Amino acid sequence: MGNPSKLFPFFFAFIVFLMPLVSLSHNDFSTFAIKTVSYLVSFSENPNHNGHITTSSNERDKSRLWRKAFIGLKNTHEPSSNISRAISLNARECFPVELPSDAITSTRCCPPRPSPSNIIDFKDFASPNATLRVRKPAHMVDEEYITKLEKGIALMKALPDDDPRNFIQQAKVHCAYCNGAYHLRHPFQDTKLNIHRSWFFFPFHRWYLYFFERTLGKLIGDPNFALPFWNWDSVEGMQIPSYFNNPNSSLYHQLRNQNHLPPHVVDLNYNKLDPNDDTPSHQQVSYNLAFMYKQMVLASTKELFMGSPFRLGDNPTPGMGSIEAAPHNTVHTWVGAADKPHHEDMGAFYTAARDPIFYAHHPNSDRLWGLWKTLEGGRKDYSDDPDWLDSEFYFYDENANFVRVKVRDCLDTKKLGYVYEDVDLPWLRTPPTSPKSKLLREANKSPLLSSKPSKFPLVLDSITSTVVKRPKKLRSKEEKEQEEEVLVIEGIEFGSDKYVKFDVHIDDDEDNLSEPDQTEFVGTFVNLFHGQGHNINTSFKVGISKVLECLEAEEDDVVLVTLVPKVGKGDVIIGGIKIEFIPK
């Protein structure tokens with residue numbers, strides 16, 4: 001029989017021709033097609049199968065053909081398919097990132113390159129009888145703990161510059177994963193990995209914090225040492241912990257917004273261009289608690305809370321979850337220096353991890369992941385999806401070993417050796433309310449019902465209201481328990497070098513828009529600076545089942561959606577708005 005590589009063009013054309021005709025009714029054929037084309041591509045590139053990847057122009061063209069065929073079969077993540085579309089990056093190659101000309105750092109944010117023989121798979125699970133590390137609220141730790149934390153950060157900063165455990169090298173890991181320095185493996189090597197705006201936000205940062213914490217413990221000789229969490233979702237924790245503001249401490253960082261130092265209360269829905277950054281503390285606390293209720297309770301499905309799936313062949317920025325958008329993104333900007341072009345360091349992902357407070361901010365987001373699963377309705381993450389579970393990242397551990405990890409191995413924090421101290425959840429008792437009457441809301445909606453519908457796509461350069469038809473109304477209690485009614489804003493396009501924020505309101509009054517603690521304000525889309533040189537196409541989803549119930553709008557045929565640009569007016573294109581139902 002002839003060399004299979006010579007048969008590749010003919011067999012590939014045959015498979016691609018038949019796929020659209022057969023795959024709709026025969027998923028087994030789709031599976032066979034992908035496996036066969038994959039085999040032929042790998043064989044034609046390397047008949048000896050020695051794992052070597054070449055990069056000639058002809059081979060790159062073949063990989064693009066294969067990738068297009070793969071993308072055409074997006075239904076292969078269904079349970080009936082055994083084709084893996086888990087993400088795997090090429091960790092041995094790290095590229096310069098694209099940054100603006102006024103960036104305050106180099107485009108080289110790659111950690112030291114590992115040697116091929118120094119990659120190990122993670123197996124260091126905590127034993128069932130091990131003492132668990134306890135992460136405590138940052139505002140409740142004692143002086144002994146603060147001394148240990150300061151010592152650990154100081155020792156990490158003092159490590160040799162080329163030590164992968166060095167503080168700046170650790171910060172580079174975040175820069176690399178968040179700005180596309182790593183690409184996916186062949187044949188998807190043109191896809192840059194960015195762990196934001198998808199279902200990877202939570203598991204990546206959990207692993208990142210895990211290895212950072214273990215390194216601190218090793219440096220100070222305390223294996224039970226745990227990071228603190230900045231408890232910005234509690235009344236007592238809504239300030240930067242005071243010991244991060246001591247100029248003589250290793251926790252101090254100069255590039256912070258000087259107007260937001262203690263005792264200033266954090267704004268979890270911060271708008272960096274808002275001139276009214278003087279909201280009274282008691283009112284800001286009220287806004288924050290109701291906002292947290294929305295981001296946690298109303299995000300009742302895994303996609304709403306954790307972000308949308310990103311599988312091989314997908315758009316790498318499908319959509320972020322509620323907590324990633326805010327408070328995560330907003331607190332990053334709130335902390336960053338207002339006099340820097342992109343609110344560096346915390347306000348830009350390429351420098352964010354250079355501020356020690358990063359490692360108190362992110363543990364709280366990680367904590368909220370675990371809390372979310374305990375809320376009403378039996379909430380579940382993507383733990384039944386093999387494409388998520390088998391996706392991989394790489395980190396340096398406390399012994400400077402280069403470790404390959406999988407998402408599936410970080411789902412239980414006890415197996416990683418840590419837990420969070422239980423604290424009060426005041427936001428769970430602070431649902432938003434509406435002072436506006438049903439009659440007033442109907443009066444606001446009425447003129448738009450008789451006007452021409454908005455034309456999409458549209459440039460979001462001013463407050464924009466549009467009427468959106470509901471596919472179904474008057475759902476039963478069982479239907480509501482099984483599916484969340486979701487507002488979907490799709491085709492959101494903007495430059496990767498833009499800071500973008502717009503708020504979303506339901507059945508509200510353009511001339512008297514609701515505040516963050518009111519029901520009509522349902523969510524906010526926030527994009528932090530991620531570098532430049534390309535456009536982002538993503539989506540944003542908000543759960544509205546409870547909102548419509550509270551607004552007495554469950555029997556309405558349509559909802560009035562108002563988009564309010566806060567930052568980046570005219571920089572965003574909205575492709576369309578619709579309502580769909582997502583299983584819980």
Side-chain angles (χ1 to χ4, degrees), residues 38 42 46 49-53 77 82-94 110-130 132-133 163-166 169-170 172-174 176-178 181-189 191 193-195 198-219 223 226-227 309-312 362 366 369 381-418:
S38 177
S42 62
N46 188 4
H49 290 269
N50 60 8
H52 177 65
I53 296 176
H77 65 269
N82 59 359
I83 296 298
S84 174
R85 294 175 59 194
I87 297 300
S88 179
L89 59 90
N90 180 6
R92 292 194 178 95
E93 281 196 85
C94 187
C110 298
R113 178 177 295 186
S115 62
S117 61
N118 198 31
I119 299 179
I120 61 176
D121 289 317
F122 179 82
K123 297 179 181 178
D124 194 16
F125 297 104
S127 66
N129 299 323
L132 296 175
R133 304 185 301 280
D163 189 320
R165 302 166 301 169
N166 172 278
Q169 293 291 357
Q170 288 288 303
K172 286 183 176 182
V173 172
H174 188 263
Y177 273 97
C178 299
Y182 291 122
H183 295 193
L184 301 188
R185 289 187 182 275
H186 181 82
F188 296 92
Q189 67 270 24
T191 301
L193 178 61
N194 185 325
I195 51 79
S198 79
W199 62 1
F200 291 128
F201 170 76
F202 280 109
F204 168 82
H205 286 94
R206 175 167 288 181
W207 277 121
Y208 181 51
L209 295 172
Y210 168 82
F211 287 109
F212 188 91
E213 181 176 80
R214 291 290 296 267
T215 299
L216 282 182
K218 183 177 180 65
L219 290 174
L227 290 168
F310 165 33
R311 313 174 197 271
L312 285 179
H362 266 276
D366 180 65
W369 177 11
D381 52 26
Y382 290 100
S383 54
D384 60 349
D385 194 312
D387 290 338
W388 185 64
L389 295 171
D390 292 331
S391 290
E392 301 174 342
F393 308 116
Y394 294 81
F395 298 94
Y396 282 100
D397 69 8
E398 66 272 24
N399 299 311
N401 295 315
F402 200 59
V403 182
R404 176 170 45 225
V405 302
K406 289 182 180 290
V407 169
R408 69 168 62 249
D409 293 328
C410 76
L411 304 187
D412 185 349
T413 66
K414 290 183 179 179
K415 290 184 178 180
L416 296 181
Y418 75 92

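When a residue number appears, it is its place in the shown sequence, counting from 1. Since the structure is predicted, the reported quantities are computational estimates derived from the model, not experimental observations.
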[X] vs [Y] aromatic rings, parallel, tilted or perpendicular, using cut-offs 30° and 60°?
{"X": "Phe200", "Y": "Phe310", "result": "perpendicular"}
{"X": "Trp199", "Y": "Tyr382", "result": "perpendicular"}
{"X": "Tyr210", "Y": "Phe122", "result": "perpendicular"}
{"X": "Tyr177", "Y": "Phe395", "result": "parallel"}

Could you tell me the separation between the [atom1] atom of [X] and the [atom2] atom of [Y], rounded to the nearest 0.5 Å?
{"X": "Tyr394", "Y": "Asn90", "atom1": "OH", "atom2": "CG", "answer": "8.0 Å"}
{"X": "Lys172", "Y": "Asn166", "atom1": "NZ", "atom2": "CG", "answer": "8.5 Å"}
{"X": "Asp397", "Y": "Ile120", "atom1": "CG", "atom2": "CD1", "answer": "5.5 Å"}
{"X": "Cys110", "Y": "Glu93", "atom1": "SG", "atom2": "CD", "answer": "10.5 Å"}

With no hydrogens and no angle check, do the side chains of [X] and [Y] hold a donor and an acceptor under 3.5 Å apart?
{"X": "Asp366", "Y": "Tyr208", "answer": "no"}
{"X": "Ser88", "Y": "Arg185", "answer": "yes"}
{"X": "Asp381", "Y": "Ser383", "answer": "yes"}

Between [X] and [Y], what is the shortest heavy-atom contact and its length?
{"X": "Arg206", "Y": "Cys410", "value": "NH1-O, 2.9 Å"}
{"X": "Pro112", "Y": "Tyr396", "value": "O-OH, 2.6 Å"}
{"X": "Ala91", "Y": "Pro114", "value": "O-CD, 4.1 Å"}
{"X": "Ser391", "Y": "Ile87", "value": "OG-N, 2.8 Å"}

Check this for me, if you would: do [X] and [Y] make a salt bridge, where the nitrogen-to-carboxylate-oxygen distance has to be below 4.0 angstrom?
{"X": "Arg311", "Y": "Asp385", "result": "yes"}
{"X": "Glu213", "Y": "Arg133", "result": "yes"}
{"X": "Arg214", "Y": "Asp124", "result": "yes"}
{"X": "Asp412", "Y": "Lys414", "result": "no"}
{"X": "Asp387", "Y": "Arg85", "result": "no"}

Go through the steps to decide whether Phe393 and Trp207 satisfy the test ring-ring contact (aromatic ring centres under 6.0 Å, His included), and finish with yes or no. CA-CA 9 Å; Phe393 308 116; Trp207 277 121; 8.6 Å; no
So, do Asp390 and Arg408 sit near enough that their side-chain heavy atoms are less than 4.5 Å apart? yes
Does Gly217 offer a backbone N or O that forms a donor-acceptor pair with the side chain of Glu398 under 3.5 Å?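 Not confirmed, Glu398 side chain does not pair with Gly217 backbone.
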Atom NZ of Lys415: over 12 foreign heavy atoms under 6.0 Å: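 No, the 6.0 Å shell around NZ holds no more than 12 heavy atoms from other groups.
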